[in-house]
Amino acid sequence: MDLYLGIDIGGTAVKLGLIDSQARLRARYEASVSFDAYKTPISQTVQTQARAFLQQEQLAPEDLRGIGVSATGQIDSVNGVVAGTCGNLPDWEQTPLKQQLETCFRRPVTVANDANCMCLGEGWAGRAVGCQNYLGITIGTGIGGGIVSGGHLIEGARGLGGEIGHIQTHAVTGRLCTCGGHGCWEQYASATALVKQAQALDPLLQNGRQVFAAIPANPALGHLLDDWIGEIAAGIVGLVHIFNPELILIGGGVSQQAERLILPLARQVKTAVMPAFARGLRLEAASLRNDAGMMGAVRYFMQQESL
Ligand SMILES: [Zn+2]
């Protein structure tokens with residue numbers, strides 16, 4: 001059976017997995033990419049750790065059918081290059097990941113955006129198995145998105161498509177976004193946006209999990225949560241009207257909040273869309289969590305190979 005290396009490169013860690021053509025994750029490995037405050041370029045750390053992982057598994061690159069990479073940032077998946085970033089990851093923009101890894105391992109490599117990979121992973125081995133029309137929405141530092149329509153991932157001309165976090169839901173008087181625009185959806189509906197607002201009420205709150213834990217004892221936080229869910233719903237309603245999905249999957253750490261996020265969000269979205277769009281529409285938490293990126297990266301590789 002064919003064996004693939006899945007690599008999921010995030011801003012703080014790289015996750016690696018050996019995945020077979022039946023979507024079985026046979027081994028996994030994780031390492032920091034920020035261990036020396038990025039003095040070592042991320043791409044170099046990825047190569048070093050991938051070698052170490054293969055060695056640990058007693059495999060040579062020739063044992064792999066190929067390598068699928070899921071990467072943070074705007075990814076030109078046609079050329080396998082990091083085309084842009086909104087954050088401040090040093091030495092990341094313009095990294096020719098595909099070329100570097102193909103030179104290093106002498107195996108074919110594909111590179112795609114992490115949110116697009118999450119979406120494909122869920123369709124291959126997660127909650128979207130069997131779905132032809134669905135959205136994957138990752139709520140974290142920002143908002144990432146993947147759109148599968150008619151069974152195909154929508155990537156656009158350069159593979160950059162799906163950056164739904166930068167839909168301008170508050171264009172006229174909106175907050176400045178990391179992309180340089182104003183009023184982007186993720187400035188209002190990301191987990192970071194929730195935490196920032198919550199800190200105005202309680203400066204000790206550091207992350208989404210702490211905010212959710214503090215809600216029962218703090219009614220003001222409850223109101224904040226309601227507003228935040230409204231912001232998330234507003235963006236999703238627009239997407240539902242454009243793509244008419246049968247399923248919307250929510251990923252990111254906050255997606256584990258079934259009672260406080262997923263259920264009320266599903267209700268709001270189904271109430272707010274035009275009735276014909278609500279029929280048969282489901283909104284659920286994604287299921288693969290930390291494995292979604294590398295699973296989807298391998299799925300992307302397999303799809304590209306079969307074109
Ligand atoms: Zn933006």
Side-chain angles (χ1 to χ4, degrees), residues 9-12 38 42 70-78 81-95 111-119 135-149 153-200 207-208 211 224-225 227-243 245 248-255 261 265 268-269 272 286 293:
I9 309 172
T12 56
Y38 304 107
I42 294 174
S70 156
T72 183
Q74 296 140 44
I75 305 300
D76 171 346
S77 60
V78 176
V81 173
V82 181
T85 58
C86 290
N88 51 357
L89 286 180
D91 300 318
W92 187 235
E93 203 162 323
Q94 302 308 326
T95 302
V111 187
N113 167 266
D114 52 3
N116 283 344
C117 286
M118 170 276 205
C119 198
L135 311 177
I137 300 176
T138 307
I139 301 177
T141 313
I143 292 187
I147 299 151
V148 169
S149 185
L153 180 71
I154 293 185
E155 285 198 287
R158 299 183 63 198
L160 304 175
E163 286 283 358
I164 58 176
H166 301 279
I167 295 170
Q168 294 179 324
T169 53
H170 294 253
V172 180
T173 55
R175 298 171 191 155
L176 179 64
C177 182
T178 53
C179 72
H182 284 86
C184 292
W185 187 29
E186 69 177 32
Q187 293 303 317
Y188 298 84
S190 63
T192 306
L194 174 68
V195 173
K196 271 189 193 164
Q197 300 238 56
Q199 283 172 338
N207 55 46
V211 173
L224 205 81
L225 179 75
D227 290 346
W228 180 65
I229 291 174
E231 295 285 358
I232 301 172
I236 292 178
V237 166
L239 293 168
V240 168
H241 287 144
I242 299 170
F243 296 107
I248 298 160
L249 290 178
I250 306 294
V254 294
S255 68
L261 172 61
L265 179 61
Q268 278 201 34
V269 168

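One-based numbering, in listed order, for ligands and for the atoms of each. Nothing here was measured: the structure is a model prediction, and the numbers come from that model. Hydrogens, waters and symmetry mates are skipped; everything else that's a heavy atom, side chains included, is used.
- A233 is linked by a side chain to side chain contact (heavy atoms under 4.5 Å, CB included) to L265, Q268, V269, counting only residues two or more places apart in sequence or in another chain.
- Sequence neighbours left out, not one pair with a member in residues 175-199 passes side chain to side chain donor-acceptor pair (under 3.5 Å).
- The line from SG of C179 to NE2 of H166 is 5.0 Å long, rounded to the nearest 0.5 Å.
- Inspection of the E155 and S77 side chains reveals an N or O donor paired with an N or O acceptor under 3.5 Å.
- The tally of protein N/O/S atoms under 2.8 Å from the Zn ion (ligand 1) stands at 4.
- Judged by distance alone, the side chain of W228 and the main-chain N or O of A193 form no donor-acceptor pair under 3.5 Å.
- Taking the side chain to side chain contact (heavy atoms under 4.5 Å, CB included) definition, one finds that A234 meets it with nothing, sequence neighbours left out.
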